[in-house]
Amino acid sequence: MTRGGETLEPILQIQHLTHTYSAGTPFQRSAVEDMSFDVYDGEFLGIIGHTGSGKSTLIQHLNGLLRPTSGRVLLHGKDIWAEPKKIRSVRFQVGLVFQYPEYQLFEETVYKDIAFGPTNQGKTGEELDRCVREAARLVGIRDDQLDRSPFELSGGQKRRVALAGVMAMEPQVLVLDEPTAGLDPAGRENLMANIRDYHRNKRRTIILVSHSMDEIAQNVDRILVLKSAHVLMSGTPAEVFARADELLTAGLDVPQVTRIAMRMREKGLPINPAVYTVQALERELLALRKGGAAC
Amino acid sequence: MLKDITLGQYFPGDTVAHRLDPRTKILLVTFYIIALFCAKGAVSYGLLALTLAVCVRISRVGLHALVRGLKPVLFIILFTGILNLFFTPGERYLVEWGVLRISDTGLRNAIFMVIRIMLLIMGTFLMTYTTSPISLTDGLERLLNGLKKIHVPVHELAMMMSIALRFIPTLIEETDKIMSAQKARGADFESGGLVQKARALIPVLVPLFISAFRRADELATAMECRCYHGGEGRTKLHVLHYAARDWAALALGAAILVGVLALRPLGL
Amino acid sequence: MAEIIRTENLTYAYPADEGAAPALALRGVDLTIEKGSFVVVLGHNGSGKSTLAKTFNGVLLPSEGHVLVEGMDTRDETQLLAIRQRVGMVFQNPDNQIVANVVEEDVAFAPENLGVPSQEIRQRVDSALRLVDMADFVRHAPHLLSGGQKQRIAIAGVIAMEPTCIVLDEATAMLDPMGRQEVLSAVHRLNREEGITVVLITHHMNEAEDADRVVVMDDGEVVMDGTPREVFTQVARLRSMGLTVPDTVDLLDRLRKDGVDVPLTALTVEECADAILEAIAK
């Protein structure tokens with residue numbers, strides 16, 4: 001894959017990944033079935049799909065929390081299960097933030113909680129301090145909040161602390177499962193802005209799992225659509241939303257803007273099928289109006 | 001590891017064993033336990049093992065599910081067995097290694113004790129496997145109803161028990177989730193000695209307790225919002241009735257108990 | 001129309017640390033909820049919307065002012081059961097409001113508490129489960145259901161009290177889009193077909209599209225109150241309160257600023273697309 005002229009290297013390669021729960025019992029069920037895709041160094045990848053599409057199972061394979069029933073996960077070209085004893089080092093390179101991560105906080109102070117991951121990594125002294133403070137800054141936690149108990153903070157701030165706890169391990173890939181679930185619009189937007197800043201400044205790979213098509217559409221470079229344990233499609237947001245009818249048939253949502261554009265196209269207006277943001281649709285419409293006026 | 005916990009698990013079904021009134025089943029298990037502790041010899045144990053086998057057969061629960069239930073308590077069973085084996089004084093010693101001596105009575109006691117505990121656990125599990133926790137607590141509440149007169153909070157205890165059972169799967173799921181989240185931050189639950197392993201659990205236990213308290217608080221509010229105000233004036237969706245099969249089952253159970261008691265003086 | 005809930009100068013202060021001034025979550029709210037209406041209460045986190053909901057059936061009691069449910073004051077303890085039977089409440093976390101480990105037992109919980117005879121409990125449970133489209137799950141274990149299904153069980157549990165009003169306190173916040181849709185269509189059906197008053201507390205703007213009335217809370221006060229169209233057209237004001245507007249309204253607002261003559265009131269995707277088409281064709 002290339003972006004802006006530079007060729008991107010795959011950092012994670014998922015090859016024919018299958019995960020079967022309760023194998024050999026009547027409850028046997030594959031949550032992930034023969035999935036293959038690459039994740040490129042530095043990209044912002046969005047993964048979308050229903051509850052039960054295999055998203056959660058998939059992402060737990062990326063850092064070795066689950067072991068594939070068959071297939072492989074390669075990190076920098078190396079099978080992460082080549083040496084099962086070293087699986088912990090994979091978890092430091094692929095940081096995973098679960099849904100509602102604020103429930104994982106346990107330390108007496110915010111600082112100590114953020115330091116849990118990097119300490120497990122073996123970081124000490126100044127390096128540890130730098131990691132903790134930098135991660136806190138990235139998610140907008142103030143210095144004076146570091147000595148407070150995480151349980152005194154508001155829900156949104158707790159979530160930031162939990163996020164910082166994973167960022168502080170300085171992983172090369174950051175996987176976020178529904179980071180904005182349950183937050184109000186302003187909280188969602190603030191948190192996404194922090195995540196975008198992190199991506200821009202650190203140039204590290206981010207994988208964002210979300211239910212919200214709008215959130216995915218506004219943030220990512222590339223989208224992977226999952227449906228019933230398989231990859232349904234993948235491509236840039238423009239490519240994926242241009243196939244809006246397929247998404248809708250698959251029972252998935254599309255951004256509201258895409259639906260407005262679809263409706264207009266049905267009624268004969270020649271609108272670019274790939275628009276998915278309000279601004280883009282506005283530009284399209286204005287261009288059309290000017291074009292129309294010139295006739 | 002957490003998946004092995006079968007306590008309070010219920011296998012829905014529609015056999016006679018499932019349809020019996022929970023009170024009947026509680027009484028039968030009580031009879032069974034009394035009989036187990038009164039059993040003296042091989043004949044009694046044989047009779048009781050046979051009784052369990054027939055009940056398992058009727059309930060269609062499957063022996064492997066019952067045996068799996070034994071796994072978490074295997075250590076206790078073995079421990080009791082070994083204690084009995086080595087530390088029962090007897091007339092004749094079969095083996096002697098220094099202080100460790102196995103007497104004939106010891107061997108006999110050990111075998112019977114292991115069988116007794118296994119039957120006891122499997123018998124109790126058979127009841128929980130065939131009775132939904134809610135009807136079990138219902139049955140218990142009704143059986144102990146008389147104790148209300150001496151101010152035993154029977155209803156409250158039964159309610160606590162059914163809520164605890166309701167939340168076991170939720171809390172197990174939550175524990176798994178928190179463990180995964182901490183593993184993703186490099187927590188290591190496997191290596192190190194006992195102390196280190198116990199310390200490694202702090203990042204799991206603290207969030208788990210906080211969450212349990214939050215859940216309890218929210219649940220209490222939700223219950224109040226649904227007009228919960230204690231056991232007074234409460235009715236039930238399912239009213240318990242003794243049917244003919246319950247009387248029959250109780251009579252059979254009593255007969256077996258009497259039989260074991262009769263065999264006792266004979267040492268059988 | 002008859003009113004079911006009325007608040008008069010409703011003020012609520014959360015207990016504060018000693019010496020500090022108590023934090024006011026509600027500052028003199030006067031609000032009337034009409035019987036049979038579908039009211040959506042919007043607001044960002046900390047706006048007081050959830051506190052407001054909890055005063056409606058006496059979970060929280062006013063520090064000042066009154067909340068009247070069909071004329072009964074929530075501060076009157078002798079009326080509390082009657083109030084709670086009329087105003088049912090569904091909370092955010094589906095796991096923390098399910099009491100029993102069989103669906104029917106859970107739905108039966110409230111009528112059991114109210115001392116309803118067994119046979120009638122059976123009827124209420126069955127009809128409540130039918131109303132939320134969960135009749136096939138009578139004997140299921142709730143913890144194995146999806147979030148949307150659990151929330152519908154919780155709604156059925158409230159319906160079984162035969163309330164006149166249901167308050168959903170951010171009951172959709174933890175659900176995925178599908179679960180949210182299931183819950184929304186269930187409450188809309190209850191409102192339409194059973195005439196049950198619905199008060200839906202949320203921060204999802206699009207859940208307000210089909211409401212009769214939208215109330216916007218900010219800093220413990222009601223700042224807007226009107227039909228969805230009246231409220232959503234005030235784009236700048238909503239944004240200043242940390243709320244977003246639906247993309248349809250955002251687009252129309254931008255086009256108007258660009259000099260395209262479109263109305264701001266086209267809320268749904270279809271209306272919006274049609275309105276723009278018409279304006280462009282001119």
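Throughout, protein chains are lettered first and strands after them, A, B, ... in sequence-line order, and every chain is numbered starting at 1.
- Between C/His44 and C/His203, the ring centre distance reaches or exceeds 6.0 Å.
- Around CD of A/Gln279, the count of heavy atoms belonging to other residues, nucleotides or ligands within 6.0 Å exceeds 12.
- Residue C/Met174 touches chain A through both its backbone and its side chain, counting heavy-atom pairs closer than 4.5 Å.
- Residues A/Ile59 and A/Val209 approach most closely at CG2-CG2, 3.8 Å, considering heavy atoms.
- Both the backbone and the side chain of C/Glu270 come within contact range of chain A, with heavy atoms under 4.5 Å apart.
- In this structure, C/Tyr14 has its ring center under 6.0 Å from that of C/Tyr12.
- The heavy-atom pair separating C/Leu252 from C/Val262 by the smallest distance is O-CG2, 3.7 Å.
- Using a 4.5 Å cut-off between non-hydrogen atoms, the part of residues 229-249 of chain C that approaches chain A consists of C/Gly242, C/Thr244, C/Pro246, C/Asp247, C/Thr248.
- The two atoms that bring C/Leu200 and C/Glu207 nearest to each other are CD2-OE1, 3.9 Å, heavy atoms only.
- Contacts with chain A were tallied for C/Asp274, C/Leu255, C/Asp250; C/Asp274 has the most, counting heavy-atom pairs under 4.5 Å.
- Chain A forms the most heavy-atom pairs under 4.5 Å with one residue out of C/Val269, C/Ile276, C/Val260, C/Leu175, and that residue is C/Val269.
- Of all heavy-atom pairs spanning A/His211 and C/Pro177, the tightest one is CB-CD, 3.4 Å.
- The shortest non-hydrogen separation linking A/Gly46 to A/Ile216 is CA-CD1, 3.8 Å.
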